Amino acid sequence: MQCLKYFVISGPYTFSIGDTSGLSDYVSGGYAVQCKMPKTLNFKSIKKALHDPEFLITDFAKFDRPAQLHLGFQALHEYNKRNSSLPRPRNKDDGNKLVEIAKEINGKACSKVDEIDEKLLRELSYQARGDLCPMQGIIGGIAAQEVMKACSGKFHPIVQWFYFDALECLPEEQEIAEESCKAVGSRYDSQVCVFGKEFQEKISTQKYFVVGSGAIGCELLKNFAMMGLASDSRGKIFVTDMDIIERSNLNRQFLFRPADVQKPKSDVAARAVKTMNPDVNIISHQNRNLDGVANALDNIDARMYMDRRCVYYRKPLLESGTLGTKGNVQVVYPFLTESYSSSQDPPEKSIPICTLKNFPNAIEHTLQWARDAFEGLFTQTAENAAQYLTDPKFMERLAKLPGVQQAETLENIHKSLVDDLPKNFADCVKWARLLFQENYHNQIAQLLHNFPPNQTTSSGQPFWSGPKRCPHPLIFDPCNETHMNFIIAAANMRAFVYNLKGSVDKKYVLEILEQINVPTFKPRSGVKIHVSDQEAEAASQASVEQNEVDKLLSRLPSPEVLSGIKVSNVEFEKDDDTNFHMDFIVACSNLRAENYDIAPADRHKSKLIAGKIIPAIATTTAVVSGLVCLELYKIIQGSKKLETFKNGFINLALPFFAFSEPITAPKNKYYESEFSLWDRFELTLNDKGEEFTLQEFLDYFQNEHKLEVSMLSQGVCMLYSFFMPQSKLKERLPLKMTELVAKVSKKKIKPHVKALVFELCCNDTDGEDVEVPYVRYKFR
């Protein structure tokens, strides 16, 4: 094989390979690997950059702001030199002095500000008196990332000047009284001098629910403690997290220590916050009347659930997330913005079945294949075998599955409890060795028998081309470290499943391997290998005759006969280096990668991908949490203008910062009434102080809103429809709404439920379908 050392890049998506005259004729195949070239950056000196600045713009709604702040900070620096005994402005007179200094500096500058924003500079002078924890988190996180860039040479640094402000956090209408900002000897004085003591009191009485206490959750709770949130007896922070602390959390979830591993995250986080600020009232559970919610979650489903709850209860939601150096913040504000669920990213693409089974071309494919193998060998099959032995109702549940699944499950149980039942560790080693042979030699040899290296398609093109890499079988070599790692890991996990004693003694394992007779494999004709997902899907749905299932069942000894066998299933745990889980995954994946000439992955990368770890780094988390807390200031103040709030999108690697006002909640309309996702019909008792009957419910919308209800549902239950048989309709119309729900759903309404949600389909007076809000029916 001949290799080219470089390519000539001819466009963003194309390259050429230059002069090939010294090479043999091209036949097929070949792989290109992208190599990132180093980039040299040159910066102006501080003296030149001060007079001729370059700015990184973060918010195009404040396009001129960096130049004003550049001038303002120079003025502050000069003010400090002139007032060394009082280095920070104290009052409005000092603010006026700062404006005059700024005018002097601007007159001498090469790059002048055309029109000085005096109001902005005065605000800057007042804010210079304080230190805000969220702002420290933002600037500190960005600065720390820049330090890492300088040390590692990785990622693009900020070029010259970066200015970030959040002056929209100040009150929208009235000006803060100077008297209110005076220090009182409190730990919150640096915040009081910015927002005033009345606002500090408001912060201290807030009731907030933090959902999740992982990377972002730890930072949020720390910020809340430093800000004094819920530091009064009237305030509360409720934190919940179903997870326990894992060792891999410790590098970024800084409220946790090694001694906390395996403890509940929310409990440990709450204790840590109380240590930071004993005044904070924090409880690690929920179910209280809240002022708002801050999400610190790591999955879409949980985020959407919390979003729906916040919309229903009309509570503000601060949504945030990180992925490596990327981060985002979204503000969800009742009656003002859209919700988190109003717009969604497209779902992640899953790996095609045939790519996983036969045609991998990336390490992600082999790692997923290894995870599937782990689940099949040590989790699902072992669990089925254990249930067959101990659960009398297991066979009843199995009988409800499709025939193909029944047959496959019974066959695997038979192998686990009869054919391949190990008696000792030597049997486990033998099983692992035969598994190696099947996975990395026999299956590949069969694949090449079906599709030889010179195979062509019906159009005459090479079959093994593009994403299809032509594999080669592996020959087991006891001197190969990866081969031996696979045997030892698989054998020890097999031993764990059957409650046998394992071993990591390589000499002992080698002695066992020498005694194993591995059958010679001969590829068979007529074996069907699926080339497309459609073929694989069709095969999985193929029917199996009941007599075949019965035959498999008749071969299987009864649980009473097998009563002496104990089987334990394995739950994947990536952070325990003694359980062989990651040892198996890494070896299993890298051997598969070797089959297909894919570059292997080390243990760290394998754990990241196979463990589905969302990469989080402290710098990004600090910035995102700080941005969330700046929005919290605005919510607590009761800000009502859309342009006051900021959704943020950052990527510290590029670097990229983009802030914009949230999107308004979309409006719908029936007749002259506008409504959004925040609106609904509120219905309680009728004029008699009693529950509505279905007939009264329908009449209410006809008389009060001129809406004819054509269909009515509650959850998945259809309560009423215009096409319902008269006999059923006659039966339901006199029923009270709660009686109707209980009758149709066949479930009693639980005592704690005070309101029901009904969905309506309605017609207007012209008989046209109209979209209307849902109904919140409060009956208790």
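Computed over heavy atoms, backbone and side chain alike; hydrogens, waters and symmetry mates excluded. One-based numbering along the sequence shown. Remember, predicted model here, so these are calculated numbers, not experimental data.
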Next on the checklist: I'd like to know if the side chain of Asn299 reaches the main chain of Ala302, judged simply by a donor and an acceptor atom lying under 3.5 Å from each other, with no hydrogens or angles considered.
Outcome noted: yes
Next on the checklist: Using only atom types and a distance under 3.5 Å, with no angle test, would you say the side chain of Asn295 pairs donor to acceptor with the backbone of Leu318?
Outcome noted: no
Next on the checklist: One pair to check against side chain to side chain donor-acceptor pair (under 3.5 Å): His530 and Asn358. What are the steps and the verdict?
Outcome noted: CA-CA 8 Å; His530 305 299; Asn358 300 311; over 6 Å; no
Next on the checklist: Check whether His365 reaches the backbone of Asn361 with its side chain - one donor and one acceptor, N or O, closer than 3.5 Å.
Outcome noted: yes
Checklist entry - Under 6.0 Å between the ring centres of Phe580 and Phe584? => result no
Please list, one pair per line, the donor and acceptor atoms closer than 3.5 Å that link side chains of residues 393-405 to other protein atoms, with sequence neighbours excluded.
unit_1: Arg397; atom_1: NH1; unit_2: Asp391; atom_2: OD2; d: 3.1
unit_1: Arg397; atom_1: NH2; unit_2: Asp391; atom_2: OD2; d: 2.8

Next on the checklist: On the six-membered ring of Phe476, is Arg433 placed so that its NZ or CZ lies under 6.0 angstrom from the centre and within 45° of the ring axis?
Outcome noted: yes
Next on the checklist: Could you measure the distance from the CG atom of Asn590 to the CG atom of Asn595? Nearest 0.5 Å is fine.
Outcome noted: 11.5 Å
Checklist entry - Taking all atoms of both residues into account, what is the closest heavy-atom pair of Ser606 and Val586, and its distance? => result CB-CG2, 3.7 Å
Checklist entry - Do the charged groups of Asp577 and Arg603 touch, with an N to O distance under 4.0 Å? => result yes
Checklist entry - Is Lys468 positioned over the aromatic face of Phe463, cation under 6.0 angstrom from the ring centre and no more than 45 degrees off axis? => result yes
Item to check | Ring center gap for Trp464 and Phe359 short of 6.0 angstrom | outcome: yes
Item to check | Cation-pi geometry met for Arg371 and Phe572 (6.0 Å, 45°) | outcome: yes
Item to check | Carboxylate-amine/guanidinium proximity below 4.0 Å for Glu219 and Lys222 | outcome: yes
Item to check | Ala610 versus Ile585, closest heavy-atom pair with distance | outcome: CB-CG2, 3.8 Å
Item to check | Crowding at CZ, Phe521 (>12 non-hydrogen neighbours, <6.0 Å) | outcome: yes
Next on the checklist: Is the ring pair Phe486/Tyr440 parallel, tilted or perpendicular, if the boundaries are 30 and 60 degrees?
Outcome noted: perpendicular
Item to check | Rounded distance (nearest 0.5 Å) linking atom NE2 of His449 with atom NZ of Lys522 | outcome: 12.5 Å
Next on the checklist: To check you understand the geometry: which heavy-atom pair defines the closest contact between Ala386 and Val567, and what is its length?
Outcome noted: CB-O, 3.6 Å
